**Q** 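Attaching a single structure in structure tokens format; questions to follow.
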There are 2 protein chains.
Amino acid sequence: MSSVNLKRLAQELNLSISAVSKALRDSHEIAVDTKERVRALARELRYEPNPHASSLRRQKSKTIGVVIPEVANSFFSLVINGIEEVARHNGYHVLIYLTHEDHTREAAIAQYLANGRVDGILMSVASESADFAHLQELKNKNIPIVFFDRVCEEMATVRVTTNDFESGYKATQHLLEAGCRRIAYLLISEHLSIGQKRMQGYQQALEDHAIPFDANLIVSGHQSNEHNRMLIQQLLETQKVDGIFASVERLAISSYEACKALNLSIPGDVKIIGFSNLEIASLLDPPLTAIKQPAYAMGREAACILFTALDKNRALTASQSLVLNSELIERKSTARN
Amino acid sequence: MSSVNLKRLAQELNLSISAVSKALRDSHEIAVDTKERVRALARELRYEPNPHASSLRRQKSKTIGVVIPEVANSFFSLVINGIEEVARHNGYHVLIYLTHEDHTREAAIAQYLANGRVDGILMSVASESADFAHLQELKNKNIPIVFFDRVCEEMATVRVTTNDFESGYKATQHLLEAGCRRIAYLLISEHLSIGQKRMQGYQQALEDHAIPFDANLIVSGHQSNEHNRMLIQQLLETQKVDGIFASVERLAISSYEACKALNLSIPGDVKIIGFSNLEIASLLDPPLTAIKQPAYAMGREAACILFTALDKNRALTASQSLVLNSELIERKSTARN
DNA sequence: CTGTTAGCGCCTTCAT
DNA sequence: ATGAAGGCGCTAACAG
């Protein structure tokens with residue numbers, strides 16, 4: 001650590017440390033030419049303020065924590081892009097934490113973020129998070145936190161979500177209008193609000209079309225894609241199913257795989273629609289009819305809300321919540337059958 | 001900030017700050033029962049040491065920086081997973097920075113990481129990085145840095161890479177053996193070593209099969225997928241091409257799109273092979289024959305090398321570099337034509 | 001305009 | 001076995 005710090009600059013310039021500090025922060029109480037001299041040397045020596053010292057002193061880190069279930073997934077990848085973009089623009093740094101859908105991990109992460117390491121948190125809760133004491137804890141410590149997509153229903157906090165009920169309704173309606181009568185609904189975890197809301201939309205659509213709800217057509221997936229594919233195959237074999245609505249991307253893909261494995265033709269025997277942001281899904285044959293969430297925008301919006309709160313030292317209130325619209329994307333098949 | 005800190009604990013326990021500090025670090029010079037008392041209260045008050053104070057004092061942050069071109073890409077997503085996994089295991093935190101393939105951003109990031117914010121860096125260089133002064137700067141400041149996948153050829157540093165020449169060779173050979181004679185090679189940037197090495201493998205394979213190299217069949221892509229698809233379409237329209245070898249995932253996908261747009265049948269008119277880690281590529285019809293990099297493992301390995309160096313205070317030497325093997329994955333088409 | 005001083009919270013000698 | 005003191009590098013209040 002040959003570290004060039006304020007002391008070093010001060011020595012070389014025959015100035016006091018605080019004068020140098022002020023000069024670099026462009027304080028009005030420092031002579032213009034002095035500022036120039038200071039800045040010149042700082043540039044020459046490539047001075048960079050020590051962020052830890054600065055954070056310690058100012059009680060803020062200019063860093064946020066992003067807590068998400070996973071990243072190997074187009075939705076969260078895009079979200080990170082949005083967040084990083086805004087963070088960079090506002091001079092914030094981004095720490096990333098993956099829960100792998102594990103409630104214990106999420107709690108542990110929350111625990112050690114509650115010590116000043118970050119000024120705020122952006123979070124999409126893990127699917128198993130039924131117990132949210134750890135989140136309440138963060139709230140108590142006054143750490144601003146913005147939930148996005150997978151929110152914690154039990155807490156009154158800022159949320160950036162999409163119109164889950166509505167898009168669930170539309171997706172189901174889409175299948176119904178395409179002639180489906182036995183539509184399966186696939187979700188990832190019963191504890192997740194998005195799964196619930198989308199399902200409510202699904203149920204409402206069924207009801208509006210006078211189709212009876214059948215609990216046998218609801219499948220709750222798990223971690224392993226392999227396992228999920230099995231579950232879906234089992235469903236297709238034991239139940240009469242002519243449509244599948246997958247409430248997350250992975251399940252939509254597993255549905256495709258399951259149909260393929262069973263030699264079911266996809267638009268013919270079973271129609272599939274799923275939440276997905278995968279560009280490549282449009283190249284499938286038939287292309288995956290998808291509900292596409294504005295992932296990048298969600299990341300940006302969530303980050304913006306957090307940063308303005310942080311920079312203006314304003315508290316976050318649930319009223320700042322935002323609901324963005326997901327889009328139903330249907331593409332024509334180029335099937336040559 | 002009602003922050004519970006050492007002082008607070010010390011007061012409540014009628015101990016000195018240093019005693020508490022030592023107790024929490026399980027020092028042998030503190031009585032066992034005292035330690036117990038301290039730990040009990042710490043747990044009760046949910047004490048977490050202030051990381052900035054600690055970093056400042058110890059001159060290390062237990063944080064690493066990950067600098068990558070982008071994240072909306074299956075390769076880097078998987079890498080992040082691997083890194084986060086190892087980081088968490090070793091008690092490190094992960095800051096993430098995206099260059100968006102922009103050399104200026106990369107330099108700026110390097111600049112402000114060179115101040116103690118991170119103990120080390122994992123990096124995949126931006127495609128435009130012809131000039132690497134900023135990387136040399138980090139080297140000079142003794143910030144350990146491990147390059148992975150996209151390395152900086154001009155510096156003697158630790159690298160975690162894949163067998164690019166070899167896999168380039170194999171991919172090309174695969175197409176040649178499938179009967180291709182006019183194989184296009186798509187790369188993302190001339191400045192990138194991976195693009196070069198894979199191309200060398202491509203050229204060697206051509207030579208070994210006595211196929212002349214044709215510079216017209218080399219296409220260098222850019223940022224926009226849209227633009228790349230156009231370039232490829234143009235290539236397909238102006239040149240006789242019966243095979244495409246895409247050296248990055250995005251270009252493989254764009255190739256698919258281009259063929260579709262031109263109504264070229266994919267195994268028939270043009271065979272495509274590409275570097276890709278997308279699971280869903282197996283569902284395309286025909287499935288994308290892919291060179292799959294061990295992305296997750298690369299992230300883990302790179303992180304491991306960095307952490308052991310950091311924790312043992314050992315310098316990184318180029319000799320610790322690692323070359324992992326990519327796998328050629330061919331799947332049978334289920335085409336019903 | 002510039003300098004002095006006093007911490008931020010933690011860790012580490014050194015003394016008791 | 002415990003405590004006192006100094007300092008990591010920076011900032012902010014207050015003097016001069």
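Computation of the quantities below employed the complete heavy-atom set of this structure, encompassing side-chain atoms and omitting hydrogens, waters and symmetry-equivalent molecules. We name chains A, B, ... by the order of the sequence lines, and we start the count at 1 in each one. Fair warning: this is a prediction, and the values are worked out from it, not measured in the lab.
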**Q** Using a cut-off of strictly less than 4.0 Å, decide whether Tyr47(A) has a side-chain nitrogen or oxygen near OP1 or OP2 of dG9(D).
**A**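 Looking at the OP1 and OP2 atoms of dG9(D), neither is under 4.0 Å from any side-chain N or O of Tyr47(A).
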**Q** Nearest whole angstrom, please: distance from the C1' of dT12(C) to the CG of Leu6(B).
**A**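 In whole Å, dT12(C) C1' and Leu6(B) CG are 13 Å from each other.
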**Q** Atom NZ of Lys7(A) to atom P of dT4(C): distance rounded to whole Å?
**A**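 So the two atoms are 14 Å apart, to the nearest Å.
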**Q** Centroid-to-centroid, Tyr112(A) to His93(B), below 6.0 Å?
**A**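 They qualify: ring centres under 6.0 Å apart.
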**Q** Report the distance from atom CG of Leu24(B) to atom C1' of dA1(D), rounded to the nearest whole Å.
**A**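 Going from Leu24(B) (CG) to dA1(D) (C1'), I get 16 Å.
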**Q** Of the options dC10(D), dG3(C), dA4(D), whose atoms approach the side-chain atoms of Ser18(A) most closely?
**A**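 The nucleotide sitting nearest to the side chain is dG3(C).
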**Q** Pick the closest DNA chain D nucleotide for Leu15(B) and for His52(A) by heavy atoms, then say which residue is nearer the 5' end.
**A**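 Checking each residue's closest nucleotide, the 5'-ward one belongs to Leu15(B).
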**Q** When you measure from the side chain of Lys22(B), which nucleotide among dA1(D), dG3(D), dC10(D) comes out closest?
**A**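 The answer is dG3(D).
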**Q** Counting only side-chain nitrogens and oxygens, does Ser54(B) get under 4.0 Å of the OP1 or OP2 atom of dC10(C)?
**A**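 No, outside the criterion.
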**Q** Roughly how many Å is it from CG in Asn14(B) to P in dA4(D), rounded to a whole number?
**A**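 In whole Å, dA4(D) P lies 12 Å from Asn14(B) CG.
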**Q** Rounded to the nearest Å, what distance is computed from the CZ atom of residue Arg37(A) to the P atom of nucleotide dC1(C)?
**A**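 Going from Arg37(A) (CZ) to dC1(C) (P), I get 14 Å.
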**Q** If you assign Arg58(A) and Asp33(B) each to the DNA chain D nucleotide with the nearest heavy atom, which residue ends up on the more 5' nucleotide?
**A**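 Comparing both residues, the 5'-ward one is Asp33(B).
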**Q** Counting only side-chain N and O atoms of Asn5(A), is one of them less than 4.0 Å from OP1 or OP2 of dG9(D)?
**A**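 Yes, because at least one side-chain N or O of Asn5(A) sits under 4.0 Å from OP1 or OP2 of dG9(D).
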**Q** Just the rounded figure in Å: distance from C1' of dC8(C) to CG of Asn115(A).
**A**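 That distance rounds to 15 Å.
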**Q** Give a yes/no on whether any side-chain N or O of Thr34(B) is located under 4.0 angstrom from OP1 or OP2 of dT2(D).
**A**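 So the side-chain polar atoms of Thr34(B) do come within 4.0 Å of the phosphate oxygens OP1 or OP2 of dT2(D), strictly under.
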**Q** Between Arg37(A) and Glu12(A) (salt bridge meaning N to carboxylate O under 4.0 Å), is one present in this structure?
**A**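 Salt bridge: no.
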**Q** Could you pull out the closest heavy-atom pair between Phe307(A) and Val86(A), with the gap in Å?
**A**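 So the minimum-distance heavy-atom pair works out to CD1-CG1, 3.6 Å.
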**Q** Considering only side-chain heavy atoms of Asn50(A), which listed nucleotide, dC10(D), dG3(D), dG9(C), is closest?
**A**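 Shortest atom-to-atom distance from the side chain points to dC10(D).
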**Q** To the nearest Å, how far apart are Arg117(A) CZ and dG9(C) P?
**A**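 Value for this atom pair: 16 Å.
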**Q** If you assign each of Ile17(A) and Val32(A) to its closest nucleotide in DNA chain C, which residue comes earlier from the 5' end?
**A**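 The residue whose closest nucleotide sits nearer the 5' end is Val32(A).
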**Q** May I have the distance from Ile30(A) (atom CD1) to dA12(D) (atom C1'), rounded to whole angstrom?
**A**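 Interatomic distance, CD1 of Ile30(A) to C1' of dA12(D): 13 Å.
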**Q** Measure the CD1-CG distance between Ile194(B) and Asp149(B) for me, rounded to the nearest 0.5 Å.
**A**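 With rounding to 0.5 Å, CD1 (Ile194(B)) is 4.5 Å from CG (Asp149(B)).
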**Q** Is the shortest distance from a Lys or Arg side-chain nitrogen in Arg8(B) or Glu44(B) to a carboxylate oxygen in the other one below 4.0 Å?
**A**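 Looking at Arg8(B) and Glu44(B), the cut-off is not met.
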